[in-house]
Structure formats: C-alpha cells, structure tokens
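Protein chains get the first letters and strands the later ones, always in sequence-line order, with residue 1 at the start of each.
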Number of protein chains: 2
Amino acid sequence: MRRNSFISREQDYALRMIAYLAGLPKNEYISVKELSKRLFISPKFAARIIHKLKKENITGSIQGKYGGVFLKASAKKLSMYDVLNTIGFKVKFNDCLKENFVCELMFGCKFHSFWVNEEKLLIDKLKNQKISEYILKEQYP
Amino acid sequence: MRRNSFISREQDYALRMIAYLAGLPKNEYISVKELSKRLFISPKFAARIIHKLKKENITGSIQGKYGGVFLKASAKKLSMYDVLNTIGFKVKFNDCLKENFVCELMFGCKFHSFWVNEEKLLIDKLKNQKISEYILKEQYP
DNA sequence: TTAAATATTACCTAAAAGGTTATGTTTAAA
DNA sequence: TTTAAACATAACCTTTTAGGTAATATTTAA
C-alpha cells in the first residue's frame, strides 16, 4: 500500500481508539473486538496496537472472558504526541534531521534550519493537543 | 531504504540542485555529471531529477558536447513548494485528507480538522520560501 | 471445564523508495 | 565527417516498509 501520509494507518487507528476509549463512562471497558468493529479496524491489527499502548501504560486491560480494554492515562494530560510516539512516530521532515546523519553539504545548505524549525513547531503542537479535546462518541438514534 | 521522512531523497536532491544552480553566475551552466559530484548525488539519478525539472520549465539545458543545465526560472519567484511539487510532492498529513477518501468516522472524528489546518500552514510556508534565500555556494579556499 | 477474552510473536505480501541499465539523440570540435 | 561527451527517456531492479494475518499461549468468569 501507498505510504505517503505523515502519519501511518496504524498511528491513525491508535488515535481513533484512544479517542473512543476516552469517551467511555468511568469504569467501563470494551472488548477489542467490539472496539475494532465500531472504528472500522481489523480486529487483529487493533489488538496489536492496543498491546503497544498498554506497554506504555496508556491503556489498561482486563483479561479473561468478558474482559476488555480501557483508557488508563488521563485524557486531559495525554497528548496526540504521546499516542503517536508509542506507535513509532519517528517521522522526520527530512533525512538530514535524523540522528547520526552526516550531511555532505556542510558548506552551506540553508534548508536544514527550515526543516528543523518546522518540525519543532509541529511537534510542539502535537504535544499541546490533549485527547480530552478529541473524544469520539458514536451517535445512536 | 527507510522512508520515514516528510520529503523523499529525490525531493531533497532536487532542492539541492536548484539551490546550487541558482548560485551560478548569470549565463553559466554546469554538466549534470559535475553538479551531481559536487552535491553527492548519483549521476544517473541526478539526470532523471533534472529531467523532471526541465519538463516543468524550472531548469533549462544545452545539449551536445560541452552542454549542461542551468536554472531557467527566477530564483526570487521560484518556491520550495514549486520544486517539491515537480518531484511528486503529494504527501498528506493523514490519509483522510486525500481526495476520494471516505472516512467511516463521520459521526464525530475531530482529528480531521487538526490535520487540515496543519497541512495548510506548512504548504503556505513552503510556498513563501523562495529559492533565492537558499542559494548554495561551495566555498573554495 | 470451557468459552471468550487478552498477550505475544512470527510471518506474509503489495507497493514504494531509491536507484541502475540501456538506448537513444544532440552537438562541439578534431 | 567522425567521435566524444553531453542531455533525453523509459524500462527495469532491489530493499524496505506498511499494513495486515496467523498461530499459539494465557487468563478468567461462568
């Protein structure tokens, strides 16, 4: 599949699921199967993503029959950046921003600082966007 | 190779070459071979990129022995966006911003407008950055 | 004891990135 | 007029990644 988005499907799905979990009533939880169905994500893929989020203590889970998952972190403190980061958000605006990258054009490439600034601006914004502002609730008739 | 940059290597090389050509004295030109050597780009790959830029009238060329390429567009009017666009800059912040993409979460996904805004901000900035501000000149001792 | 849930890892496949190969065509100069 | 050195153009190749599936184990309510 094409990948020319800034964020991947996996990262998008993670945001969706977190936004949905944030909308559950307190102390409620939902099975990954049901969650994935409501958000149009393949169940197995959803499970893998939820697992990554759990390892970072963003979600919690109840095992066994009638188990499920819930948001463990505070929706008011959890940022979009936190979620994306857990799902491997290591996108750089240009390769020259990566660690250990040695640019051959030390003699005067001025694009570098442009990318540095833009990247920082966006990351700061992602850190400021809290999940509580993005809660996703299905409307039942 | 990994591809988790916002811009591709090919797009980066295009910017480098344009920035270098913009620094040539008026009416001078340079062979792609020499250009690629100075900018650490594989010669064949450079040729293909220059060809794309020529098709959009950004560069011009002189064929035959002792031929070469030069910047045809005005460095003061040519933007980073123009160059990137020529080299297939169709990156979207999220898949949901693509044409013909149908989002299943019509019922209330609030991330969409965040991505729309951020993407527009960045594209406007790229359109405002003119190549004349990024001229690349090798320093000889 | 069993059904239905999570936990975890290994594997699969299409597509794109990043480049090379190949084969022209053009033109200055010997 | 021949030839070397440049640009022109398309087809092809290889590695990596995105995006997902399969498989198997473990947990726990009923």
Side-chain angles (χ1 to χ4, degrees), chain A residues 1-14 16-17 21 28-37 39-70 72 84 87-92 94-95 98, chain B residues 1-14 16-17 21 28-37 39-70 72 84 87-92 94-95 98:
Chain A
M1 297 240 163
R2 282 203 71 102
R3 152 85 160 91
N4 55 14
S5 290
F6 193 70
I7 66 165
S8 67
R9 296 280 72 209
E10 191 180 10
Q11 289 160 355
D12 181 76
Y13 294 160
R16 288 186 192 193
M17 290 194 285
L21 293 181
E28 266 197 30
Y29 52 89
I30 184 175
S31 75
V32 172
K33 191 178 169 187
E34 183 59 27
L35 179 63
S36 67
K37 190 188 291 179
L39 300 180
F40 306 91
I41 306 169
S42 116
K44 300 274 187 178
F45 198 25
R48 200 176 68 180
I49 296 167
I50 284 288
H51 181 58
K52 288 182 183 177
L53 292 163
K54 195 204 167 182
K55 278 200 287 192
E56 296 297 319
N57 271 310
I58 292 175
T59 59
S61 66
I62 290 163
Q63 283 196 45
K65 195 170 178 180
Y66 304 107
V69 296
F70 54 90
K72 193 170 175 187
L84 293 175
I87 312 297
F89 186 67
K90 48 185 177 283
V91 177
K92 291 292 177 185
N94 196 354
D95 276 4
K98 288 181 183 162
Chain B
M1 298 240 163
R2 282 202 71 106
R3 154 85 163 92
N4 55 15
S5 290
F6 193 69
I7 65 165
S8 66
R9 297 281 72 212
E10 191 179 11
Q11 289 159 356
D12 181 77
Y13 295 160
R16 290 186 190 192
M17 291 194 284
L21 292 181
E28 265 196 31
Y29 53 89
I30 184 175
S31 75
V32 171
K33 191 178 170 188
E34 182 61 28
L35 179 63
S36 68
K37 191 188 290 178
L39 299 180
F40 305 91
I41 305 169
S42 115
K44 301 275 186 181
F45 198 26
R48 199 176 67 179
I49 296 167
I50 284 289
H51 182 59
K52 289 181 182 176
L53 292 163
K54 194 202 167 185
K55 280 200 285 192
E56 296 296 317
N57 271 310
I58 293 175
T59 59
S61 66
I62 291 164
Q63 284 198 44
K65 197 170 176 181
Y66 305 107
V69 295
F70 54 91
K72 193 170 176 187
L84 294 175
I87 311 298
F89 185 66
K90 49 186 177 283
V91 176
K92 291 292 177 186
N94 196 355
D95 276 4
K98 289 180 183 163

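As rounded to whole Å, 13 Å separates atom P of C/dG19 from atom CD1 of B/Ile87. The interatomic distance linking B/Lys92 (NZ) with D/dA18 (C1') rounds to 20 Å, in whole Å. Taking atom NZ of B/Lys52 as the reference point, atom C1' of C/dG18 lies 10 Å away to the nearest angstrom. One can place CZ of B/Arg9 at 8 Å from P of C/dG19, the figure rounded to the nearest angstrom. Atoms CZ (B/Phe40) and P (C/dG19) sit 15 Å apart, rounded to a whole Å. The interatomic distance linking B/Phe45 (CZ) with D/dC13 (C1') rounds to 14 Å, in whole Å. If you take CG of B/Asp95 and C1' of D/dA18, they are 11 Å apart, rounded to a whole angstrom. Atom CD in A/Gln11 sits roughly 13 Å away from atom P in D/dG20 (whole-Å rounding).
For A/Tyr29, the side-chain contact (heavy atoms from CB on, under 4.5 Å) partners two or more places apart in sequence, or in a different chain, are A/Ile62, A/Phe70. Residues passing the side chain to side chain donor-acceptor pair (under 3.5 Å) test with A/Lys33: none are found, sequence neighbours excluded. Under the side chain to side chain donor-acceptor pair (under 3.5 Å) criterion, A/Lys37 pairs with no residue at all, not counting sequence neighbours. For A/Lys52, the side chain to side chain donor-acceptor pair (under 3.5 Å) partners two or more places apart in sequence, or in a different chain, are A/Glu10.
One finds no side-chain N or O of B/Ser42 lying less than 4.0 angstrom from the OP1 or OP2 phosphate oxygen of C/dG18.
Pairs of residues two or more places apart, or lying in two chains, never qualify as salt bridge (charged side-chain N to carboxylate O under 4.0 Å, His left out) while including a residue from residues 55-68 of chain A.
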Practice task
Could you run through nucleotides 3-12 of chain D and give me one letter per nucleotide, 5' to 3': B if any protein heavy atom sits under 4.0 Å from the base, S if only the sugar-phosphate is that close, - if neither?
Solution key: -BBSSSS-B-
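Residue-level contact check: A/Tyr13 touches the backbone only, with heavy atoms under 4.0 Å from sugar-phosphate atoms and none from bases.
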Exercise for the section: Could you check A/Ile49 against A/Ile87 for side-chain contact (heavy atoms from CB on, under 4.5 Å), going step by step and ending with a plain yes or no? Expected result: CA-CA 8 Å; A/Ile49 296 167; A/Ile87 312 297; 3.9 Å; yes
